[in-house]
Asker: 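Dropping the structure in here first, questions after.
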Amino acid sequence: MTIQLKQFDTSTFFKHEKQPKPSQSITLNRRSTLQLNAVSGKAQRLIQSGTVRPVPPKDASSALKSEGYILLDIRPQWEREKARVSDSLHVPLFVADVDNSPLTLLKKWVHFGYIGLWTGQSLTMINPEFLRQVEKKVPDKDSKLLVACGEGLRSMMAASKLHEGGYRNLGWLAGGFSRARDDDFHSVEGTQRLQYATVGGVSYYFLQLLLLLQTVGKKS
């Protein structure tokens, strides 16, 4: 544990992430935002103390193969469908807000106009069954779980919830899949690269244009 923490300087990481913001890939209702803000500080303390082990993407394959960690992907289904690590478990921390009350419908319209069109994401809420669903898939709470999301913030929150639920051998994919290289995981399924699975909506087409220009630039 001590060696791993020396390899990954958590104080340096959180210096740059001192004021975490919700991931570009997900938009939360107000209640979920308040819960996220409340948990993020505790999650940071768990990671900085070594209670939850930070694992950089470049070391994830070794942790899975040699140390017995199970990769727990907590991204929403629409992100996972784009790209996912083979044999990983999936329990979403956030799910689409399906409430059809007049106020929620108004929020959805506003969300789409300001955010949804650009990111391609739905208005979401915290999955109330998250812990129970994890317990169903991983009943042994001594199991080693490497918790992962797109950019690292949601998986911090998930790790905190799992710790509260009694899981004690937890790892956190530092920075999320967005910081992974193409060869960091042995097998990836889906139609997109794992690093870009959080990008959707109009921003996805801007990303594709940028990648095309980079490719052309390298060839010229």
Asker: Working to the nearest 0.5 angstrom, can you tell me the gap between Lys42 NZ and Glu164 CD?
Answerer: 3.5 Å
Asker: Would you call Ile126 and Lys161 a side-chain contact if the rule is heavy atoms closer than 4.5 Å?
Answerer: yes
Asker: Of all heavy-atom pairs between Ser86 and His186, which one has the smallest distance, and what is that distance?
Answerer: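 Scanning both residues, the minimum pair turns out to be O-CE1, 4.3 Å.
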Asker: Just how far is it from atom CG of Asp87 to atom CD of Glu189, taken to the nearest 0.5 Å?
Answerer: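 One finds 7.5 Å between CG of Asp87 and CD of Glu189.
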Asker: Got a donor-acceptor contact below 3.5 angstrom from the Asn169 side chain to the Asp142 backbone?
Answerer: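 Side chain of Asn169 to backbone of Asp142: a pair is present.
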Asker: Is the backbone N or O of Met157 less than 3.5 Å from a side-chain atom of Ser160, with the two atoms forming a donor-acceptor pair by type?
Answerer: no
Asker: When rounded to the nearest 0.5 angstrom, what distance separates CZ in Arg84 from CG in Leu194?
Answerer: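 Rounded to the nearest 0.5 Å, the CZ-CG separation comes out at 10.5 Å.
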Asker: Which atom pair, heavy atoms only, marks the closest approach of Lys58 to Asp184?
Answerer: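 In terms of heavy atoms, the two residues are closest at CA-OD1, 3.5 Å.
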Asker: Looking at residues at least two apart in the chain, or sitting in another chain, which of them share a side chain to side chain donor-acceptor pair (under 3.5 Å) with Arg168?
Answerer: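 Counting only residues at least two positions away or on another chain, Arg168 forms no side chain to side chain donor-acceptor pair (under 3.5 Å).
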Asker: For Ala180 and Gln195, work out which heavy atoms get closest and say how close.
Answerer: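 Looking at all heavy atoms of both residues, the shortest contact is O-CG, 2.8 Å.
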Asker: Please list, chain by chain and in numerical order, all residues satisfying side-chain contact (heavy atoms from CB on, under 4.5 Å) with Leu131, sequence neighbours excluded.
Answerer: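 Leu131 satisfies side-chain contact (heavy atoms from CB on, under 4.5 Å) with Glu135, Leu162, Tyr167 only.
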Asker: Quick check: does any side chain N or O of Ser66 sit under 3.5 Å from a backbone N or O of Ala63, one acting as donor and the other as acceptor?
Answerer: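 Answer holds: no.
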Asker: Donor-acceptor check, side chain of Ser143 to backbone of Asp140, threshold 3.5 angstrom: yes or no?
Answerer: yes
Asker: Checking side chain to side chain contact (heavy atoms under 4.5 Å, CB included) for the pair Leu146/Leu64: CA distance, chi angles, key distance, verdict?
Answerer: CA-CA 8 Å; Leu146 178 57; Leu64 297 174; 4.3 Å; yes
Asker: What is the distance from atom OG of Ser61 to atom OH of Tyr69, rounded to the nearest 0.5 Å?
Answerer: 14.5 Å
Asker: Report yes if the side chains of Val147 and Ile74 come closer than 4.5 Å at any heavy-atom pair, otherwise no.
Answerer: yes
Asker: If you take all heavy atoms of Phe130 and Ala158, which pair is closest and at what distance?
Answerer: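 Heavy atoms of Phe130 and Ala158 come nearest at CZ-CB, 3.8 Å.
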Asker: Is any side-chain heavy atom of Leu173 closer than 4.5 Å to a side-chain heavy atom of Pro57?
Answerer: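 They are in contact (side-chain heavy atoms under 4.5 Å apart), so the answer is yes.
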Asker: Are the side chains of Leu89 and Leu72 in touch, meaning some heavy atoms are under 4.5 Å apart?
Answerer: yes
Asker: If the condition is side-chain contact (heavy atoms from CB on, under 4.5 Å), which residues does Asp183 pass it with, not counting sequence neighbours?
Answerer: Arg181
Asker: Kindly give the heavy-atom pair with the smallest separation between Arg80 and Ser88, and that separation in Å.
Answerer: NH1-OG, 3.0 Å
Asker: With distance as the sole test, does Trp172 use its side chain to make a donor-acceptor pair with the main-chain N or O of Gly152 at under 3.5 Å?
Answerer: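 Yes.
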Asker: Taking the side chain as C-beta and beyond, is there a heavy-atom pair between Leu71 and Phe185 under 4.5 Å?
Answerer: yes
Asker: Are side-chain heavy atoms of Lys82 and Arg75 found at a separation under 4.5 Å?
Answerer: no
Asker: I'd like to know if the side chain of Lys137 reaches the main chain of His90, judged simply by a donor and an acceptor atom lying under 3.5 Å from each other, with no hydrogens or angles considered.
Answerer: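 Between the backbone of His90 and the side chain of Lys137 there is a qualifying donor-acceptor contact (under 3.5 Å).
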Asker: Got a donor-acceptor contact below 3.5 angstrom from the Ser178 side chain to the Glu151 backbone?
Answerer: no
Asker: Once you round to the nearest 0.5 Å, how far does NZ of Lys144 lie from CZ of Arg53?
Answerer: 7.5 Å
Asker: Over all heavy atoms of both residues, which pair between Ile47 and Met156 is shortest? Give the atoms and the distance, please.
Answerer: CD1-CG, 3.8 Å
